[in-house]
Undergrad: 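Quick one: the structure is below, and I'll ask about it shortly.
Numbered from 1 within each chain, the chains take letters A, B, ... in sequence-line order.
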There are 2 protein chains.
Amino acid sequence: MNCGNLGEFCENEAKGVVQSLVLDSEKGELVKASGRVEKKVGKSEGKTIAALKSHSEAERRRRQRINAHLSTLRSLVPSSDKMDKAALLAQVVCQVKQLKETATHVSERFFIPLDSDEIKVETIAENAIDGTCLYRASICCEYRTDLLSDLKETINSLHVNLIKSEISTLGSRVKNVFVFTNLIDGDRANTEARQILLSSIRQAFSSVLDKVSAFSEYSAYPNKRQRISCFDSSSLFR
Amino acid sequence: MNCGNLGEFCENEAKGVVQSLVLDSEKGELVKASGRVEKKVGKSEGKTIAALKSHSEAERRRRQRINAHLSTLRSLVPSSDKMDKAALLAQVVCQVKQLKETATHVSERFFIPLDSDEIKVETIAENAIDGTCLYRASICCEYRTDLLSDLKETINSLHVNLIKSEISTLGSRVKNVFVFTNLIDGDRANTEARQILLSSIRQAFSSVLDKVSAFSEYSAYPNKRQRISCFDSSSLFR
DNA sequence: AGGGACACGTGAACC
DNA sequence: TGGTTCACGTGTCCC
């Protein structure tokens, strides 16, 4: 079935003069649109038709692309047959929120790496006597070869006193947690030294993270489904 | 800006006679559409305009609804600014798949209730000597008051030998697992008795589940976000 | 220019 | 019938 049309023309269309009626939404009446009546008279009719045709075909392809994604979403959302587009999208919004919330709950209660790359560095205790601090640094990312040795090297280069390190995996995701104290350094002001340490830890971990991303992000293997972060990158360092 | 138009009419539109050019996509040429030329002459022009207006307004509202959902999806998907609609939907598909997969991994590795209501009843061992069987039955659903006492009553009514029961919660979701054996009943054929027991357990648990749904499903409190099942209902009893 | 993306109004189909 | 949903071609803006 072909519902397409190129507008409704008069017999005198060939002269390039078109008079049209336009619906004025505010006033709700038909209005003669007399502006821009001369319709590019210099252009050949054939070219115009070709352009219009390719335009409508491109638009059809665009619609197909969007609708294809909508129908795979439909297959992902339970009992979404017979839903119209808006209702389907509403359910998808709901489902994504729900799944994210569950994922957050899970990761809070259990020690599980999630799908968001994440680096966290925090001070968890302070020794009032000698001024040393207890830190907790964690990195969550896709596993890759040499990840662990890179992390080990990173920790060593920071000159900290490693107290505990944990590792856990889920699928191809891995999460590492390090607990450590700073080495005592009476020369510098403690607060400043702490800030420097924290930021250098973040920076070092970020390098490790970037190396992971460099391996996976633009590898462009169509078979390897790209992992999507669950959270905004703005929350990476919160 | 008002881009709307009611087609492009000739001066003789008032007579109800319209000649139009139609793009034939297959042949790629303009064709005079001379069929259906008489345009409901009996209808007053005012009515037609009013209908057309309400039609276009309804369509605009529909578009707004869809686009509103798309933009909230955009806020849920990281770095989706500047993505066009198709790309955004592709990312949403990706994210939903990813989150579901993670949820499945998590629930497989840990004993965690998920967002899908689920009843599982299975035979996990069989005693070759006396013909008793070891069963494992689990129910996962939204928590409600009296859920536990209902489940207890259900188990009692089944006349089984309860060996172990576990409960775990995540958010407002709760999962109960019962391990039990059947009571020895030499009268009936064992295989038949087992089937009856399994199906009566499923039925009893289903009643409990239905009671949960009755409370939450159509409560229509707009503040209470409705939970969406992660899986097709077809997988409920797999 | 020329192609992509979007919003628009419209015809058709379904209740 | 009116109301609603969808696909379509088109105008317009932006690169």
Undergrad: Using OP1 and OP2 only, check whether a side-chain N or O of A/R62 sits under 4.0 Å from C/dG4.
TA: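 For A/R62, the contact criterion (side-chain N or O under 4.0 Å from OP1 or OP2 of C/dG4) is not met.
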
Undergrad: Compare side-chain N and O positions of B/R65 against OP1 and OP2 of D/dT4 and report whether any pair is under 4.0 Å apart.
TA: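 Answer is no, no contact under 4.0 Å.
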
Undergrad: Establish, with yes or no, whether the OP1 or OP2 oxygen of D/dA7 is under 4.0 angstrom from a side-chain nitrogen or oxygen of A/K85.
TA: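 Yes, A/K85 has a side-chain N/O under 4.0 Å of OP1/OP2 on D/dA7.
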
Undergrad: Would one find a side-chain N or O of A/N67 under 4.0 angstrom from OP1 or OP2 of D/dC6?
TA: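 Checking D/dC6 against A/N67, no side-chain N or O comes under 4.0 Å of OP1 or OP2.
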
Undergrad: Using whole Å, what does the distance between atom C1' of nucleotide D/dG11 and atom CG of A/L52 come to?
TA: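 Nearest whole value for this atom pair: 10 Å.
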
Undergrad: Measure the distance from CD on A/Q64 to P on D/dA7 and round it to the nearest whole Å.
TA: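 Computing the A/Q64:CD to D/dA7:P distance gives 10 Å.
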
Undergrad: Just to confirm, is there a sub-4.0 Å distance from OP1 or OP2 of C/dA1 to any side-chain nitrogen or oxygen of A/K47?
TA: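 It does not, given that no N or O in the side chain of A/K47 lies less than 4.0 Å from OP1 or OP2 of C/dA1.
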
Undergrad: What nucleotide among C/dC8, D/dT5, C/dG4 has an atom nearest to a side-chain atom of A/D84?
TA: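 Out of C/dC8, D/dT5, C/dG4, the nucleotide with an atom closest to A/D84's side chain is D/dT5.
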
Undergrad: Check this one for me: any side-chain N or O of B/R60 less than 4.0 Å away from OP1 or OP2 of C/dG9?
TA: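 Affirmative; the distance criterion is met.
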
Undergrad: Check whether the side chain of A/H55 and the base of C/dG3 form a donor-acceptor pair under 3.5 Å.
TA: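 No, no donor-acceptor pair under 3.5 Å.
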
Undergrad: For C/dC8, does the base pair up with any side-chain atom of B/E59 as donor and acceptor (N or O, under 3.5 Å, distance only)?
TA: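 Under the 3.5 Å cut-off, the side chain and the base do not form any donor-acceptor pair.
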
Undergrad: OP1, OP2 of D/dC8 versus side-chain N and O of A/R63: anything below 4.0 Å?
TA: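 Yes, such a contact exists.
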
